[in-house]
Amino acid sequence: MKLIEKDFYKLTKPEKSVKRTYLSNFKNCCRGEYEHPKGLSCYYDSKDEPFLFLAPFKVEILNNLPFVAIYHDVLYDREIEELKRLAVPTITRSTIYDYDKEGNVPVNFRTSNSVFLLNNASYLVDILRQRVADMTHLNVFKNSSDDLQVMNYGLGGYYRYHFDFFGKDESPNKLLGDRIITVLIYMTDVQQGGATVFPALRITNFPKKGSALIFRNLDNNISPDPSTLHAGCPVLFGSKWAATKWIYSAEQMFRKPCLPQNELRPYDTHVIEFVNKILGL
Ligand SMILES: O=C(O)CCC(=O)C(=O)O
Ligand SMILES: [Fe+2]
């Protein structure tokens with residue numbers, strides 16, 4: 001954190017404005033200082049998927065564009081216990097993808113432990129894959145998503161602001177496209193801290209056991225949207241467990257209608273490059 005503060009004074013003008021717009025709200029968001037968004041709707045999603053006629057999802061919108069929403073009560077307590085049981089034996093220090101090394105490396109700005117559970121690890125992992133497909137109305141099968149990641153943050157554990165999209169030509173998953181949607185399922189409440197925050201959107205969501213946060217990382221052109229910059233704030237008291245499913249863009253042609261194109265925003269590239277630069281990516 002200190003390093004970033006120091007480097008700030010060496011920044012050029014556009015970089016300073018990115019910092020002001022995108023990063024300066026980070027700590028306030030973690031403290032939960034911004035009001036819950038107003039004027040947005042809640043609804044039951046019972047659309048398209050037969051299962052949802054029986055059990056619609058309870059959706060609370062936090063932001064329209066990019067789409068950010070809470071899906072309430074998507075995981076049962078006994079499923080959470082089973083996920084933990086599956087994860088604990090092989091959980092290890094989390095990593096991120098390093099473009100130079102073309103592989104995953106641990107970094108000091110993501111201090112959690114995590115493990116990917118393969119689809120055949122348990123009947124439950126397969127059930128959850130179907131549930132995520134019902135929630136997102138997307139294809140979540142082979143070649144269109146990462147395996148389910150289960151992660152745990154201990155005291156002080158956090159994931160500094162970052163993007164979930166790769167946003168580069170040399171994305172490690174060229175054939176899959178890029179990460180269009182993130183589904184983050186909370187497996188615990190956190191007594192204090194541990195919120196997921198979007199500083200550019202001034203959104204804070206404190207974990208609630210069994211609920212999920214869904215956000216869309218790519219815009220209608222399937223281009224990276226820098227306003228999806230987000231972070232997992234430090235856990236101040238307690239422990240945070242969550243499960244993540246990242247869904248890719250390439251194989252959604254039969255699931256997702258083409259939407260009107262957004263305007264091209266060349267500045268977006270600058271924002272993404274800048275944030276990656278200060279993170280050393
Ligand atoms: O833990 C959180 O709240 C955020 C996690 C996250 O952003 C990620 O795993 O990509
Ligand atoms: Fe993320």
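We count ligands from 1, going down the list as the structure has it; atoms in each ligand are counted the same way.
- Listed by number with element, the atoms of ligand 1 under 4.0 Å from a non-hydrogen atom of His162 are 6 (C), 7 (O), 8 (C), 10 (O).
- Salt bridge present: Asp73 and Lys58 bring a charged side-chain N and a carboxylate O closer than 4.0 Å.
- Under 4.0 Å from ligand 1, not a single heavy atom of Tyr161 appears.
- The closest protein non-hydrogen atom to atom 4 (C) of ligand 1 is Leu184 CD2, 3.8 Å.
- Considering only non-hydrogen protein atoms, atom 3 (O) of ligand 1 sits nearest to Thr196 OG1, 2.5 Å.
- Ser227 places no side-chain N or O within donor-acceptor distance of the main-chain N or O of Ala200, the cut-off being under 3.5 Å.
- Distance from atom 10 (O) of ligand 1 to its nearest protein heavy atom, with residue and atom name: Asp164 OD1, 3.1 Å.
- Between His137 and Asp45 the shortest side-chain heavy-atom distance falls below 4.5 Å.
- For Tyr153, the closest heavy-atom approach to ligand 1 falls below 4.0 Å.
- Taking a cut-off of under 4.0 Å to the non-hydrogen atoms of His230, the atoms of ligand 1 that pass are 7 (O).
- In this structure, Phe198 and His230 have tilted ring planes: the angle between them lies in the 30° to 60° band.
- For Lys240, the heavy-atom gap to ligand 1 drops under 4.0 angstrom.
- A parallel orientation is assigned to the rings of Phe165 and Phe163, their planes being inclined by less than 30° (bins at 30° and 60°).
- On the SG-SG cut-off of under 2.5 Å, Cys233 and Cys29 do not qualify.
- Using a 30° and 60° split on the angle between ring planes, Phe109 and Tyr159 fall in the parallel class, below 30°.
- If you check which protein heavy atom lies closest to atom 9 (O) of ligand 1, you get Met151 CE, 3.5 Å.
- Geometry at the Fe ion (ligand 2): NE2/His230 and NE2/His162 form an angle of 90°, nearest 10 degrees.
- For Asp164, the N, O or S atom closest to the Fe ion (ligand 2) goes by the atom name OD1.
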